[in-house]
S.K.: 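Once you've had a glance at the structure underneath, I'll fire off some questions.
Every chain is numbered from 1 and lettered A, B, ... according to where its sequence line falls, protein lines coming before strand lines. Values in this document were obtained by computation on a predicted structure and should not be read as measured data.
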There are 2 protein chains.
Amino acid sequence: MDQVELFKALSNKTRLQILAWLKEPETSFPGQAEHAGFEDGVCVGQIQLKSGLTQSTVSEYLAILQRAGLVQSTRKGQWTYYKRNEAAFEQLSKLILSDV
Amino acid sequence: MDQVELFKALSNKTRLQILAWLKEPETSFPGQAEHAGFEDGVCVGQIQLKSGLTQSTVSEYLAILQRAGLVQSTRKGQWTYYKRNEAAFEQLSKLILSDV
DNA sequence: AAGATATATCGGAATTTCCCGATATACCAA
DNA sequence: TTGGTATATCGGGAAATTCCGATATATCTT
């Protein structure tokens with residue numbers, strides 16, 4: 001896990017916001033309940049709607065978070081669902097104390 | 001404390017390296033023993049020597065780390081000494097779990 | 001197969017970061 | 001005061017990031 005890549009992923013207001021939303025998917029993205037559950041997280045379209053950014057930007061940002069290991073994705077049909085990888089945050093929290 | 005600014009400060013290999021060196025100033029900067037102790041940390045010149053970067057870059061990088069609250073400086077005569085602010089790292093470690 | 005929908009990728013303009021050399025400022029010593 | 005040393009700040013070229021619109025790909029529906 002590259003530390004610089006990890007911190008760069010977190011160095012953006014929008015990406016931090018997305019991570020915060022993904023902490024409580026049901027309340028942050030009530031719209032998704034109409035076509036899916038939340039077991040695998042939230043689909044890109046829902047995040048795009050809430051963020052107000054373009055689809056391409058949101059897709060790119062989610063890819064950055066995933067490359068850093070902070071979220072994981074699941075493809076289901078034409079949807080890709082993203083959810084937080086909580087283990088990564090716990091690792092990071094410890095890494096701050098031991099490695100940085 | 002601005003989270004984005006904090007993570008940006010950590011998003012650079014050289015700055016992470018400086019922070020690592022400052023964890024063990026005596027062993028990382030033995031050269032400083034010749035003109036000063038380590039109570040207040042390490043002076044800019046020592047860090048510059050070890051990093052191989054220019055003086056202006058190192059000074060700038062230390063300022064970035066200080067603005068983020070990760071280090072604190074003490075001016076003594078013509079020297080400025082920098083040392084880690086360990087409390088900030090503990091805060092950050094907790095912040096990762098609660099806020100991010 | 002053709003059209004519709006969801007997401008990913010590409011190309012790029014604007015902004016920021018990286019790191020430099022030059023210069024300014026602060027302090028010390030003679 | 002003059003000169004030397006340590007650090008900070010300024011201006012800038014190169015590279016990276018931000019976010020966009022356009023396009024490609026994958027999947028579903030009919």
S.K.: Search all heavy atoms of A:Y82 against all heavy atoms of A:L22 and return the closest pair with its distance.
M.R.: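 What the structure gives for the nearest pair is O-CD2, 3.8 Å.
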S.K.: What does nucleotides 25-30 of chain C look like as a protein-contact string, B for base, S for sugar-phosphate only, - for none, at under 4.0 angstrom between heavy atoms?
M.R.: --BS--
S.K.: Does a donor on one side chain sit under 3.5 Å from an acceptor on the other, for A:S73 and A:T80?
M.R.: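 Their side chains do not contain a donor-acceptor pair, so the 3.5 Å distance test is not met.
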S.K.: Within the 4.5 Å heavy-atom criterion, are B:S11 and A:E5 side-chain neighbours or not?
M.R.: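 In short, these two side chains do not touch, never coming nearer than 4.5 Å.
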S.K.: Given the rule in the side chain to side chain donor-acceptor pair (under 3.5 Å) test, do B:Q17 and B:T14 qualify, once you have shown the distances and angles that lead to the verdict?
M.R.: CA-CA 5 Å; B:Q17 180 66 78; B:T14 301; over 6 Å; no
S.K.: My understanding is that only residues two or more places apart in sequence, or in another chain, count here; which of them pass salt bridge (charged side-chain N to carboxylate O under 4.0 Å, His left out) with A:K76?
M.R.: A:D40
S.K.: Look at the side chain of B:R15 and the backbone N and O of B:A9, then say whether any donor-acceptor pair between them is shorter than 3.5 Å.
M.R.: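 Yes, because the side chain of B:R15 sits within donor-acceptor range (under 3.5 Å) of the backbone of B:A9.
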S.K.: Would you call A:F89 and A:L19 a side-chain contact if the rule is heavy atoms closer than 4.5 Å?
M.R.: yes
S.K.: Could I get the full list of side-chain contact (heavy atoms from CB on, under 4.5 Å) partners for B:A63, not counting sequence neighbours?
M.R.: B:R67
S.K.: Whole angstroms only, please: what is the NZ-C1' distance between B:K13 and C:dC19?
M.R.: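 Taking NZ of B:K13 and C1' of C:dC19, I get 17 Å after rounding.
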S.K.: If every non-hydrogen atom of B:V100 is compared with every non-hydrogen atom of B:F7, which pair is closest and at what distance?
M.R.: CG2-CZ, 4.1 Å
S.K.: Under 3.5 Å, which N/O atoms of the protein pair with N/O atoms of nucleotides 9-17 of chain D?
M.R.:
unit_1	atom_1	unit_2	atom_2	d
D:dT17	OP1	A:K8	NZ	2.9

S.K.: Can you name the side chain to side chain donor-acceptor pair (under 3.5 Å) partners of A:E34, sequence neighbours left out?
M.R.: none
S.K.: Mind calculating the distance between CG (A:L53) and C1' (C:dA8) to the nearest angstrom?
M.R.: 16 Å
S.K.: A:Y81 near the nucleic acid: base, sugar-phosphate alone, or nothing, with a heavy-atom cut-off under 4.0 Å?
M.R.: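 It contacts nothing in the nucleic acid.
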S.K.: Which residues within residues 18-51 of chain B lie with some heavy atom under 4.0 Å of an atom in DNA chain C?
M.R.: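 Result for residues 18-51 of chain B: none.
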